[in-house]
Amino acid sequence: MASIRRRRRAKRDVWCVDYRDATGARRRVTAQTREVAEDLLAEKIRESRQATPAATDREITLAAYAEQWLGHIAADIKASTLTSYSETLARYILPALGRVKVRGLHRGLIKDLLARKRADGLSKNTVRVIRAVLSVLLGDAVDDGIIMTNPALQMGRRRRKRADSLSQAERLKKIRPMSAEQLAAFFAAARQPKHRRLYPLFLLLARAGLRPGEAFGLQWDDVDLVDRTLLVERSFSRGEVNTTKTGETRRVDMSQELARAFAVHALRRVCEL
């Protein structure tokens, strides 16, 4: 049975938490106050009731775990995502927290890191990416039995403004679409002989609402000039062909202007052969 006992000490009494872990082994830990001991006991009871995998090294540092983690997830995510994770860790996270044990990470450390990055001049979007990468990594550390909870998850639940939070006004400010006049001038320049091979691409991005990677991944078999539709089923990024961001296939309608531009472009290609 789990229990809490007070133990006398010369300078200050301590409270001993006596319990059995998930494997049935007897454990004892001490706390400075009865309240802390009760919280600790409750946590240990939760641990014992939920079977957790044995961690290879529960004293592992964030830098060492990050290296293992990137190797484990490489086969399950897109190359661009893996590159983004690696760069974010190497540039922003590991220089500050790499030597800290994964078990030693807590919300205070993470909040301090995010605040310092904002103070250094990083944008809120960049800071959000930093927190997101940490959260994904620490979520897997929970699964690996190194930590019990993810300290980067659901930060700022008490409505305190986080370093990476964007107001609605800030979100709208970051969206800067071309005006009708600017877009018309852009298309006029793109129709010039030395640029016209790219004109259908620019028109596609402006009229069909495709992501850049989806536009780059289009093939002629995806273009139906009769029904004026496009089949979007892949993306092209960093030299690799992948699925779309959502992993789904969809059909997109083309305007008469866009269909005509594709038809002219196809005719030019035939004439060049």
Side-chain angles (χ1 to χ4, degrees), residues 52-53 55-176 211-214 235-240 242-247:
T52 56
T56 55
D57 181 6
R58 297 194 71 222
E59 302 301 316
I60 194 170
T61 64
L62 181 61
Y65 183 74
E67 182 178 359
Q68 293 181 11
W69 178 70
L70 290 172
H72 291 158
I73 66 173
D76 301 323
I77 61 177
K78 293 181 179 180
S80 58
T81 302
L82 181 65
T83 300
S84 176
Y85 285 172
S86 300
E87 291 177 350
T88 300
L89 283 163
R91 184 176 299 178
Y92 304 119
I93 299 174
L94 297 183
L97 301 177
R99 296 183 179 181
V100 179
K101 294 178 181 179
V102 176
R103 293 182 62 194
L105 291 172
H106 54 79
R107 292 196 176 196
L109 276 177
I110 297 173
K111 287 182 178 180
D112 181 64
L113 172 66
L114 301 181
R116 281 189 282 114
K117 294 305 178 184
R118 278 293 290 148
D120 289 342
L122 294 184
S123 69
K124 289 187 176 181
N125 275 335
T126 301
V127 174
R128 180 181 291 106
V129 170
I130 294 171
R131 182 174 63 86
V133 172
L134 257 178
S135 184
V136 175
L137 180 149
L138 294 176
D140 283 349
V142 172
D143 291 341
D144 291 340
I146 298 174
I147 52 178
M148 287 298 297
T149 59
N150 182 347
L153 192 64
Q154 296 180 332
M155 293 179 61
R157 287 180 298 172
R158 298 179 182 176
R159 297 187 179 181
R160 294 173 182 167
K161 193 171 182 181
R162 295 196 312 258
D164 63 340
S165 61
L166 282 173
S167 66
Q168 186 64 22
E170 288 173 321
R171 292 178 187 276
L172 293 175
K173 187 177 180 180
K174 291 187 70 66
I175 302 173
R176 299 170 58 188
R211 298 182 177 91
E214 294 173 340
S235 67
F236 182 81
S237 177
R238 297 177 185 265
E240 292 188 357
N242 285 294
T243 61
T244 62
K245 185 174 183 179
T246 61

Open item on the list: Could you check whether any side-chain heavy atom of Arg131 comes within less than 4.5 Å of a side-chain heavy atom of Leu134, counting everything from C-beta outward?
Closed with: no
Task: Interatomic distance, Ile147 atom CD1 to Tyr65 atom OH [nearest 0.5 angstrom] - done: 8.0 Å
TODO: Indicate yes or no: at least one non-hydrogen side-chain atom of Asp140 is less than 4.5 angstrom from one of His72.
DONE: no
Open item on the list: One pair to check against side-chain contact (heavy atoms from CB on, under 4.5 Å): Leu62 and Ile93. What are the steps and the verdict?
Closed with: CA-CA 9 Å; Leu62 181 61; Ile93 299 174; 3.9 Å; yes
Open item on the list: Main chain of Leu138, side chain of Asn150: is a donor-acceptor contact present, judged purely on distance under 3.5 Å?
Closed with: no
Task: Within-4.5 Å side-chain heavy-atom neighbours: Val129 and Val133 - done: yes
Open item on the list: Suppose we screen for side-chain hydrogen bond (donor to acceptor under 3.5 Å, both in side chains). Which residues come up paired with Lys117, at least two apart in sequence or across chains?
Closed with: none
Open item on the list: Minimum heavy-atom separation for Pro95 and Tyr92, please, with both atom names.
Closed with: CD-C, 4.0 Å
Open item on the list: So, taking the atom named CG in Asn125 and the one named CD1 in Ile130, what distance separates them when rounded to the nearest 0.5 Å?
Closed with: 11.0 Å
Task: Reported CG-to-CH2 distance for the pair Leu137 and Trp69, which is rounded to 0.5 angstrom - done: 5.0 Å
Task: Reported OG1-to-CD distance for the pair Thr61 and Glu59, which is rounded to 0.5 angstrom - done: 11.0 Å
TODO: Would you mind reporting whether Leu109 and His106 have side-chain heavy atoms less than 4.5 Å apart?
DONE: yes
Open item on the list: Between Arg107 and Leu153 (side chain of the first, backbone of the second, donor and acceptor by atom type, cut-off under 3.5 Å), is there such a pair?
Closed with: yes
Task: Counterpart residues, side-chain hydrogen bond (donor to acceptor under 3.5 Å, both in side chains), relative to Arg116 (two or more places apart) - done: Asp112
Donor-acceptor pairs under 3.5 Å, side chain of residues 78-87 to any protein atom, not counting sequence neighbours: which ones?
from: Lys78; atom 1: NZ; to: Thr243; atom 2: O; distance (Å): 2.9
from: Lys78; atom 1: NZ; to: Thr244; atom 2: O; distance (Å): 3.0
from: Thr83; atom 1: OG1; to: Ala79; atom 2: O; distance (Å): 2.9
from: Ser86; atom 1: OG; to: Leu82; atom 2: O; distance (Å): 2.9

